[in-house]
Amino acid sequence: MAAAKLIDFDKALELFEPVLGFEVHVELNTNTKMFSDAPNPANEAYHAAEPNTLIAPVDLGLPGSLPVVNETAIRSSISLGLALGCSIAESSRFARKNYFYPDLGKNYQISQYDEPIAFDGSVEVELEDGTLITIPIERAHMEEDAGKLTHMGGATGRIQGAEYSLVDYNRAGVPLVEIVTNIIYGAEHRAPEVAKAYVQAIRDIVRGLGISEARLERGNLRCDANVSLRPRGTDKLGTRTETKNVNSMRSVERAVRYEIQRQAQILADGGTITQETRHWHEDTGTTSPGRPKSDADDYRYFPEPDLLPVEPAAELIEELRAALPEQPVARRRRLMAEWGFTDLEFQDVRNGGLLEVVEATITAGATPATARKWWTGEITRIANAQDADATAMISPENVAALQKLVDAGTLTDKLARQVLEGVIAGEGTPQEVVDARGLAVVSDDGALIAAIDEALAAQPDVMAKIKDGKVQAAGAVIGAVMKAMKGQADAARVRELILERAAQ
């Protein structure tokens with residue numbers, strides 16, 4: 001398929017106003033599924049499970065099976081609604097959203113339609129320069145996820161060209177909350193940045209609540225970005241497209257920018273926009289057509305007859321409201337001040353998705369500066385090299401323990417990096433790796449003096465220079481000692497011993 005012709009982004013904004021809307025699906029981390037007792041394990045266990053093993057009759061739509069609502073999912077949904085500034089409905093109802101697809105065993109999805117559990121809210125998002133923007137929330141409603149299709153035999157892994165498809169119902173019935181924004185006006189040239197900041201805000205909120213792992217790359221958090229354009233000076237909304245399931249913050253930003261440029265080019269050439277879903281392609285940075293976008297009446301919603309309305313007690317709502325954590329924007333600003341980070345330093349932590357682990361590392365005893373150094377430096381480098389998630393490679397407690405060994409003089413920074421690699425490789429705690437590999441700094445004067453004597457014998461003129469006041473010449477001896485002892489010598493003590501020798 002030929003690449004779409006794109007207009008310059010700034011030119012697109014001269015001609016058209018971008019109008020945005022987002023649908024974000026949050027996968028809840030309950031122990032069981034939304035309407036059955038099938039297990040809903042955490043990411044690693046879920047991905048390790050054999051296909052079609054995390055299922056129950058309800059998830060497959062087998063005759064005679066009846067759904068039962070997960071109470072924890074309701075509590076999590078209410079907490080999320082409150083965190084989004086929403087009103088909580090005195091009564092909300094589940095509905096059947098009817099459409100046929102092989103990954104829906106029932107041929108319908110249990111969702112909420114005109115009676116959501118949370119409605120009329122707003123969330124404050126912060127752009128990289130500190131600008132605050134309020135995003136209006138229309139609703140947050142509960143539903144179940146569908147299964148997963150794997151298309152076999154094709155070159156791309158997509159249904160086009162595949163010989164057959166396999167269906168895995170492990171994900172079917174996993175509890176979701178879908179957050180739907182109202183129409184977002186006024187983003188203008190910052191529309192791509194607003195998109196990224198909004199999804200980051202939702203991720204931060206659900207992680208703060210502890211109701212989801214919220215990892216985009218694992219599908220715990222999925223964003224559908226709606227983009228339309230309207231000519232400058234008009235009030236009529238343009239035709240929207242919905243880019244589906246974008247799986248990284250950067251991709252959300254890129255997808256919105258691409259759609260603005262693509263649609264603007266079509267409209268500038270006198271064409272029309274098709275209302276449709278579109279697929280984001282990370283490798284090419286483009287979108288491609290999916291299917292014509294259905295409106296609500298196409299799904300033939302009707303109330304779910306097997307489930308009673310959800311009517312949370314006012315006392316429960318107030319209990320959950322009182323337990324809400326600090327809002328993400330306020331929390332970030334407080335932490336940046338407490339840690340003494342510059343805007344750039346804090347942004348590095350936040351952009352890397354490292355805020356929680358840096359905070360936990362500081363709580364475990366590391367200083368803010370050393371916690372930031374490890375997570376944004378060596379740990380991220382190793383994670384990038386292995387195409388892995390940095391936060392899953394090592395615990396904050398082990399990072400703090402590693403830094404304590406450095407602070408105590410047991411390790412140099414160079415040795416600490418070797419220990420870090422051992423911990424990540426599964427060799428144990430930092431102390432266990434030090435003991436097993438014999439990596440501790442050597443401070444024994446006898447061993448150091450022997451190494452100094454050997455270095456001085458190889459460089460007989462150095463001592464004379466030191467005695468003449470050229471103290472910097474000691475560096476050559478220190479370097480030789482460190483090399484001979486494979487970086488394990490206590491450099492500070494080596495320097496002291498050399499200067500003591502020169503003073504004799």
Side-chain angles (χ1 to χ4, degrees), residues 83 123-133 193-194 196-216 221 248-250 253 323-384 388-417 419-421 423-424 429-431:
V123 61
E124 196 172 51
V125 305
E126 184 177 20
L127 305 186
E128 289 192 6
D129 64 357
T131 300
L132 296 178
I133 293 180
E193 186 183 356
V194 168
K196 175 183 176 182
Y198 172 69
V199 179
Q200 283 180 322
I202 297 300
R203 181 194 64 184
D204 292 345
I205 287 171
V206 298
R207 284 184 175 176
L209 291 169
I211 63 175
S212 175
E213 295 183 54
R215 290 169 60 180
L216 274 83
L221 193 71
S248 76
M249 300 298 177
R250 180 170 175 265
E253 185 174 24
L324 290 177
E326 187 177 14
Q327 282 291 314
V329 171
R331 174 171 172 258
R332 286 196 298 271
R333 295 189 171 186
R334 173 180 59 81
L335 291 177
M336 188 170 77
E338 289 179 359
W339 295 345
F341 287 179
T342 65
D343 288 343
L344 184 58
E345 289 171 339
F346 195 84
Q347 202 63 41
D348 284 345
V349 172
R350 185 185 172 203
N351 288 347
L354 302 170
L355 195 59
E356 284 76 18
V357 289
V358 167
E359 183 180 23
T361 304
I362 294 168
T363 300
T367 65
T370 56
R372 181 186 64 81
K373 178 195 73 171
W374 281 115
W375 284 106
T376 63
E378 194 65 14
I379 298 173
T380 293
R381 183 193 66 78
I382 294 172
N384 290 341
D389 175 15
T391 63
M393 302 190 80
I394 185 172
S395 70
E397 292 74 19
N398 274 336
V399 176
L402 179 63
Q403 184 58 42
K404 287 177 183 176
L405 292 174
V406 175
D407 294 340
T410 304
L411 296 173
T412 62
D413 281 346
K414 183 176 180 180
L415 292 173
R417 288 193 291 273
V419 174
L420 174 68
E421 292 173 356
V423 175
I424 289 174
T429 66
Q431 186 62 61

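Numbers here simply count residues along the sequence, with the first being 1. Computed over heavy atoms, backbone and side chain alike; hydrogens, waters and symmetry mates excluded.
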Which of these, Glu326, Glu338, Glu124, Glu126, sits in a salt bridge (Lys or Arg N to Asp or Glu O under 4.0 Å) with Arg332?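 Exactly one candidate clears the test, Glu126.
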Check: [Y] and [X] side chains under 4.5 Å, non-hydrogen atoms:
X      : Y      : result
Thr370 : Val406 : no
Arg331 : Glu359 : yes
Gln200 : Asn351 : yes
Thr410 : Lys404 : no
Asp348 : Phe341 : no
Asp413 : Arg417 : yes
Trp375 : Val349 : no

One pair to check against side chain to side chain contact (heavy atoms under 4.5 Å, CB included): Asn398 and Leu420. What are the steps and the verdict? CA-CA 9 Å; Asn398 274 336; Leu420 174 68; over 6 Å; no
Can you tell me how far [atom2] of [Y] sits from [atom1] of [X], rounded to the nearest 0.5 angstrom?
X      : Y      : atom1 : atom2 : answer
Arg333 : Leu132 : CZ    : CG    : 4.5 Å
Phe346 : Leu335 : CZ    : CG    : 5.5 Å
Ile379 : Leu402 : CD1   : CG    : 8.0 Å
Gln347 : Met336 : CD    : CE    : 9.0 Å
Arg215 : Arg203 : CZ    : CZ    : 11.5 Å
Ile382 : Ile394 : CD1   : CD1   : 8.5 Å

Considering all heavy atoms, the nearest [X]-[Y] contact:
X      : Y      : answer
Leu411 : Ala416 : CD1-CA, 4.0 Å
Ala83  : Ile205 : CB-CG2, 3.7 Å
Leu354 : Ala390 : CD2-CB, 4.4 Å
Ala197 : Leu127 : CB-CD2, 3.6 Å
Pro325 : Leu209 : CD-CD2, 3.4 Å
Pro368 : Ile362 : CA-CD1, 3.6 Å

Is Lys196 paired with Glu128 through a side-chain N to carboxylate O contact shorter than 4.0 Å?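 The answer is yes: the pair qualifies as a salt bridge.
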Do any N or O atoms from the side chain of Arg207 and from the backbone of Glu213 form a donor-acceptor pair under 3.5 angstrom?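 Yes; at least one donor-acceptor contact below 3.5 Å.
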Check this for me: Asp343, atom CG, are more than 12 non-hydrogen atoms of other residues, nucleotides or ligands nearer than 6.0 Å?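 12 or below, so no.
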Inspect the surroundings of CZ in Arg250 and state if more than 12 heavy atoms from other residues, nucleotides or ligands are less than 6.0 Å away.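 It does not: Arg250 CZ has 12 such atoms or fewer within range.
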